[in-house]
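Taking it in order: structure first as structure tokens, then the write-up.
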Amino acid sequence: MRKSELEAFKIAMDQHSIVSMADADGIITYVNDNFVNTCGYSRDELLGSTHNITDSGYHSKEFFEVLWSTISQGNVWHGELRNQRKDGSCYWVEASIVPFMDENNKPDQYISIYTNTTRLKTLDQKLGDHSALLSMLREAILDFVEQVQLNKTAPFMLNKLMEITKSCCGFIGEVHQKENGEYSVTTFTSCHKDNQSKTNAPPGMDSYIYEILNSRNVVIKNEAIDKPEKAGMVTSCSSLGNFLGVPIFYGSELVGVYGLADRHDGYNMELVKFIEPFNATYSVLIHAMRSYTSQAKTHEDFIQAKQEAEAANQAKSKFLSRMSHELRTPLNAIMGFTELLLLDDQASLKPDQFENIRIVNDAGKHLLELVNEVLDLSHIESGKISIAVEPVSLFSIIKNSIGMVSSLASARKIQLGIEKTDLTDIKVLADPLRLTQVLVNLLSNAIKYGNSNGLVTIQAEQQFNGFIKISVADDGPGISKDKQRQLFQPFNRLGAEYENIEGTGIGLVITKRLIEMMDGEIGMESEMNKGSSFWVTMPNASFKENESDVGTLTKTDTDTARDISTGRITLLYIEDNLVNLDLIERALLNYQDLKMISAKTGQEGLQLALSEMPDIILLDIHLPDMDGYELLDKIKQNESLGNVPVLAVSTNTRAEDIQKGLDAGFTYYITRPINVFSFTNIIDSILTKENSHIQNIN
């Protein structure tokens, strides 16, 4: 190679690399400008010295023994070095040290060629730290969900954070603010120096903890701390080199605090920014723990209140039963004798006497009605009324109910009509006596509160969800919006007591409870000066008869479990998130004949589907081992599983994502967060064989 070429090669090398030369004893004989600029030493300081001048102390003695053994035998050494600049800062290089041999085949000089990798090394370290931090937070959340014990999860988080930040000591605590504004702090401390960890006594008022609480700001002390207890640490930590304290907020509320100490590189705001995900997670866990504790206390209070209410309710029922008997005896006499007088043509009553007796008799009837309804309501509230549900003819019930109120309608010159007569073959699941009581009450109200010489109609129509809607409408004055909110309140007659209209204010309350006991609903619509319409829905027996033999079901209003008698149903949920699994499991608790099994991976889910042959498959699209669409194809290709409804669950909520799922063959596409009410409606639809239409739900 010509001299000019060598010069060009040297110039190119100097532009990119850090180059030095040393003699056989390791004395530096040459350094290029990059070497000088990188290490911060002058050329005069470097020449005549060894490379120990840039030794950071990071590598072990054994490390350098291997390096020298390699090059002294005439072999090239490649490796990574952490060197130190003159100002004390460190930098990383990728190094190649090449020995040059003399005529005796012994090294007489060494050329070192370095590439500065500090930026890449720093980035790699940051990525590793971020990954470790997120992994720790995920593990902490799962641990908390499983145990719901912050005093176990918090120490775990502290020790992991100390590892990630390379801190030797630390504390973590929960903060409560008293009514007088003072703070109460409970801390847990840890020290890696002696592997000690313990719950610490409350910190002193002169500690950095109170400086953090009072300032509500991050506190950084990068100087020696002689008293570790001032930093909230265990006394065995001896002196500390530096300290970082961070307040934890849930919204604007100060709920926690933690501190780290004795980090080799000290603390700065860049590190504080890095650990912000830790702060957010810890604040949420504190809030969740407090909510859980509050709910547990509320639940205990609720149980106690419920027991007291039940005892009071039983006492009330006994009192009302006794009073009913005591009131009926004189009422029978009053009504009996007044009726005799009214029917006795021989009685020498003056017209005004006759009218007075009639008023007494009407008042007795009203009082008896009130006694009966109060007692009826009491029995319903205490669960003593039994409901015998069976398929009954709706048209027959409607006709009987109209017949029972016809005399009341005639007295007010109100016309009664059935708007639809095409439901003569429809049967509903109801107690015939109680359904008649409901319709008679609604018809009576429409007649009493409607306009004289008006019209009251009753109609029934089939609903798509397997229910029959029965409506009773009048053309009366209507009910204002503010009074509609007061409906279904005991003894509230919405001001009708001042209009000389008989009533107790209990009928609608009883009607609502009876309908709910028969698995129905009640509601109303009204427009001022145009009338009101009260409606109830009842299960359509014709809708159910293809599923199973309905038979007769006897239950009280305390029976709340879903009535699904289609046999043992198996639902397979393929999901790797334990919290999501728990949510669905809880949502299905009321299904007495449904069993849920689960798998955490697509492969495990496919094997379980083939072995268990589930009736429904719930599939998370994002699985750890395969795409949900791939798993759907495998399920659909299997002849035994081809017709099983498969429900997609995904956080992808865009319209095109939903359409993609439906086009791929999912029966339903459910988006997170899951609406439990809508989800159970889907399950109901599938169990009642109404899943022929494909739709998405969120």
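For the single chain, residues carry numbers from 1 onward in sequence order.
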For the pair E45 and K86, find out whether any cationic side-chain nitrogen is under 4.0 Å from an anionic carboxylate oxygen. yes
Evaluate the side-chain hydrogen bond (donor to acceptor under 3.5 Å, both in side chains) criterion for residues E65 and S69: first the C-alpha distance (whole Å), next the side-chain angles of each, then the deciding distance (0.1 Å), finally the verdict. CA-CA 6 Å; E65 287 177 350; S69 173; over 6 Å; no
Pair D23, T29: side-chain N/O donor-acceptor within cut-off below 3.5 Å: no
Between N34 and N32, is there a donor-acceptor pair closer than 3.5 Å when you use the side chain of the first and the backbone of the second? no
Tightest non-hydrogen contact, residues G665 and K636, listed as O-CE, 3.8 Å
Other residues, nucleotides, ligands: >12 heavy atoms within 6.0 Å of Y58 OH: no
Heavy-atom neighbours of R138 CZ exceed 12 at 6.0 Å: no
Kindly check if the number of other-residue, nucleotide or ligand heavy atoms within 6.0 Å of CZ (F156) is above 12? yes
For the side chain of N222 and the backbone of Y267, is there at least one donor-acceptor N/O pair under 3.5 Å apart? yes
Short question: side chain of N104, backbone of K106 - any donor-acceptor pair under 3.5 Å? no
Are more than 12 heavy atoms from other residues, nucleotides or ligands located less than 6.0 Å from atom CD of E270? no
Can you confirm whether F64 is buried at CZ, in the sense that more than 12 heavy atoms of other residues, nucleotides or ligands lie under 6.0 Å from that atom? yes
Check the orientation of F666 and Y629. Use parallel for under 30°, tilted for 30 to 60°, and perpendicular for over 60°. perpendicular
Quick one, Y282 with L158, criterion side-chain contact (heavy atoms from CB on, under 4.5 Å). Give me CA distance, side-chain angles, the key distance, then yes/no. CA-CA 10 Å; Y282 186 43; L158 171 64; over 6 Å; no
Minimum heavy-atom distance L641-P614, with the two atoms named: CD2-CD, 4.3 Å
Give the intermediate values and the outcome of side-chain contact (heavy atoms from CB on, under 4.5 Å) for residues C39 and Y91. CA-CA 8 Å; C39 73; Y91 62 97; 3.7 Å; yes
Give me the atom names and distance for the closest heavy-atom approach of A95 to L81. CB-CD1, 3.9 Å
Begin with the C-alpha distance, continue with both residues' side-chain angles, and end with the deciding distance and a verdict on side-chain contact (heavy atoms from CB on, under 4.5 Å) for H622 and D576. CA-CA 9 Å; H622 305 288; D576 64 321; over 6 Å; no
Polar contact flag, side-chain donor to acceptor under 3.5 angstrom, S89-D87: yes
Can you check side-chain contact (heavy atoms from CB on, under 4.5 Å) on L271 and R263, steps first, answer last? CA-CA 11 Å; L271 179 67; R263 183 173 186 256; 4.0 Å; yes
Could you check whether the rings of F171 and F243 sit parallel, tilted or perpendicular, using 30° and 60° as the cut-offs? parallel
Return the minimal non-hydrogen interatomic distance between P99 and G74, and the atom names on each side. CG-C, 3.5 Å
Between L133 and I275, what is the shortest heavy-atom contact and its length? CD2-CA, 4.2 Å
Shortest non-hydrogen contact from A664 toward L632: O-CD2, 3.5 Å
Tell me whether D108 contacts the main-chain N or O of A24 through its side chain, where contact means a donor paired with an acceptor under 3.5 Å. no
Looking at side-chain heavy atoms only, is the closest gap between M596 and L618 below 4.5 Å? no
Under a 3.5 Å distance rule, please check whether T667 uses its side chain to pair with a backbone N or O of V646 as donor and acceptor. yes
Tell me if the CZ atom of R216 is crowded by more than 12 foreign heavy atoms within 6.0 Å. yes
With a 3.5 Å cut-off and no angle check, do the side chains of E139 and S135 form a donor-acceptor pair? no
Have T54 and Y41 got a donor and an acceptor in their side chains that come within less than 3.5 Å? no
